[in-house]
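One structure is given below, encoded as structure tokens.
If you're wondering where the values come from, they're calculated on a predicted model, not measured in any experiment. Both counts, for ligands and for their atoms, begin at 1 and track the order of listing. Any value given below was found using the heavy atoms of this structure, including those in side chains, with hydrogens, waters and symmetry copies removed.
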Amino acid sequence: MRVLVTGGAGYIGSHTVIQLIAAGQDVLIVDSFANAKPTVISRLEAITGKPLLVYAFDLRDTDKTEDLFAREQIDAVIHFAGHKAVGESVQKPLEYYENNLDSTLVLAGAMARHAVTKLVFSSSATVYGANAPVPMSEDLPTSATNPYGWTKVMIEQILRDVAVAQPEWRIALLRYFNPVGAHASGTIGEDPSDIPNNLVPYLSQVAVGRREKLQIFGDDYDTPDGTPLRDYIHVEDLAAGHIAALSKLATTESPVSTWNLGTGVGTSVLDVLHAFERAVGRALPYEIVGRRAGDIAASYADPHRAHAELGWTATRTIDDMCADSWRWQSQNPNGYPDA
Ligand code: UFG
């Protein structure tokens, strides 16, 4: 099968490209490189031993997207491309709506015109909104608390509507919990372009000496140690979930399927800190500060549907995740070099 991976140079996209190739799929990448370094591609080629076909453009460019589908045989699409920073989305709502919605509309339009009807979409647990009970199951109502989250809710709805109009589509909405970790080689990992917003990238930069200390945003939550619980999932497990979802689309009768990709385990911020300290082999500096606006006490998956329907389960522990994140960060203290 020939799979187009949008955002294939990004964090989750790059790990998924490796697993697609390992599974014998033919891969094509489209990435704007707005938030990814071209060096990722040469590293992917080194890992996979294959030259990669890469298109460097923004999906919102309708002519280029249309051209790509006219020129290339494509059997399925995994759509990772999109803006993803929660805080930035609050500052730049129009940019987020425009980027994430338009790129998806252009992509889906080209798919429809070229009869490409298999799509795996990067959704997020953020669609469960602010007051969802844990563990979170796929049947909960969706909502959001910030523009980034709303783009995920809206795109899910758009794709459901496409599948109503054209029931031959097979769409997987994958709701990720908190992806962390890196490829075992230490050559592919998460490379925030700015000061990291997320816990593990921030902690990695503290450990490598780029940041002074971790700020823990609140220890007065109603959780066992007072810090929020999240469902951290190794990016390799997450990538494997995409391979499983893609193969399920070949046989399922449902035009749209929704699957949580999480471990089902809630891990606190302090637990992550301590796991990271074990990986690094020393204590890391931190301070407790006030809560971060918009954070919820607990978010973790009910992962049973993906297990039952995809035969997929996350297997890596928080220690595995921190060890791999640390290998990546210590080998690449400043992230990917410029090309
Ligand atoms: N945290 C800190 N200090 C930091 C960064 C994070 O204490 O410097 C804490 C947060 O308060 C939170 C936990 O670490 O309790 C995890 O925070 P992240 O920012 O790593 O992750 P979130 O759960 O807030 O957000 C993630 C994704 C979003 C997605 C959201 C909901 O980054 O894309 O899950 O699914 F929308």
For atom 23 (O) of ligand 1, the closest protein heavy atom turns out to be R230 NE, 2.7 Å
Considering only NZ, NE, NH1 and NH2 on the basic side and carboxylate oxygens on the acidic side, decide whether R291 and D220 come within less than 4.0 Å. yes
Using a strict 4.0 Å cut-off to heavy atoms of A125, name the atoms of ligand 1 that fall inside it. 35 (O)
Ignoring hydrogens and angles, state whether a donor on the side chain of Q215 or Y202 is under 3.5 Å from an acceptor on the partner side chain. no
Return the residue, atom name and 0.1 Å-rounded distance of the protein heavy atom closest to atom 36 (F) of ligand 1. T126 CB, 3.1 Å
Salt bridge present between K248 and E309 (N-O < 4.0 angstrom): no
Value for CG (L203) from SG (C322), rounded to nearest 0.5 Å, stands at 7.0 Å
Using heavy atoms and a threshold below 4.0 Å, how should the contact between R291 and ligand 1 be classified: side chain, backbone, both, or neither? neither
I216 heavy atoms within 4.0 Å reach ligand 1 at atoms 7 (O)
Below 4.0 angstrom, N of the basic side chain to O of the carboxylate: do D295 and R292 qualify? yes
In plain terms, say whether D75 and K118 are close enough for a salt bridge, that is, a side-chain N and a carboxylate O under 4.0 Å apart. no
Return the residue, atom name and 0.1 Å-rounded distance of the protein heavy atom closest to atom 13 (C) of ligand 1. Y232 OH, 3.6 Å
Taking atom types as modelled, find out whether Y176 and D231 have a side-chain donor-acceptor pair closer than 3.5 angstrom. no
A student checking ligand 1 against N197 at a 4.0 Å heavy-atom cut-off should list atoms 5 (C), 19 (O)
What residue and atom, counting heavy atoms only, is the protein's closest point to atom 17 (O) of ligand 1, and at what distance? R292 NH2, 3.3 Å
So, 4.0 Å and heavy atoms of Y286: is ligand 1 close enough to count as a contact? no
Answer yes or no for Y128: is there a heavy-atom contact with ligand 1 below 4.0 Å? no
Taking NZ, NE, NH1 and NH2 as the nitrogens, is one of them in E72 or R2 under 4.0 Å from a carboxylate oxygen of the other? yes
Considering heavy atoms of the protein only, find what lies nearest to atom 28 (C) of ligand 1 and give residue, atom and distance to 0.1 Å. V86 CG2, 4.1 Å
Hey, does the side chain of E277 reach the backbone of L284 with a donor-acceptor pair shorter than 3.5 angstrom? yes
Any S299 heavy atom less than 4.0 Å to ligand 1: no
For atom 7 (O) of ligand 1, find the nearest protein heavy atom and state the residue, atom name and distance (0.1 Å precision). F217 N, 3.0 Å
Geometry only, no angles: is L199 polar-contacting ligand 1 at N/O separations under 3.5 Å? yes
Whether the Q19 and E236 side chains hold a donor-acceptor pair (N or O, under 3.5 Å, no angle test) is what I'd like checked. yes
Could you tell me, atom by atom, which parts of ligand 1 come under 4.0 Å of a heavy atom of V269? 7 (O), 9 (C), 13 (C), 14 (O), 15 (O)
For Q215, the ligand 1 atoms with a heavy-atom partner under 4.0 Å come out as 2 (C), 3 (N), 4 (C), 7 (O), 8 (O)
E45/K50 ion pair, N-O < 4.0 Å: no
Between E156 and K152, is the closest basic N to carboxylate O distance under 4.0 Å? no
Would you say T104 and H79 are linked by a side-chain donor-acceptor pair, where the criterion is simply a distance under 3.5 Å? yes
Between N198, L203, I288, flag the one that comes closest to atom 18 (P) of ligand 1 by a heavy atom. N198
Heavy-atom nearest neighbour of atom 15 (O) of ligand 1 within options P228, G129, S89: P228
Backbone, side chain, both or neither: what part of F177 comes under 4.0 angstrom of ligand 1, heavy atoms only? neither
Which heavy atom of the protein is the closest neighbour of atom 29 (C) of ligand 1, given with residue, atom name and distance? S124 OG, 3.7 Å
Please list the nearest protein heavy atom to atom 26 (C) of ligand 1 with its residue and the distance rounded to 0.1 Å. N178 ND2, 3.5 Å
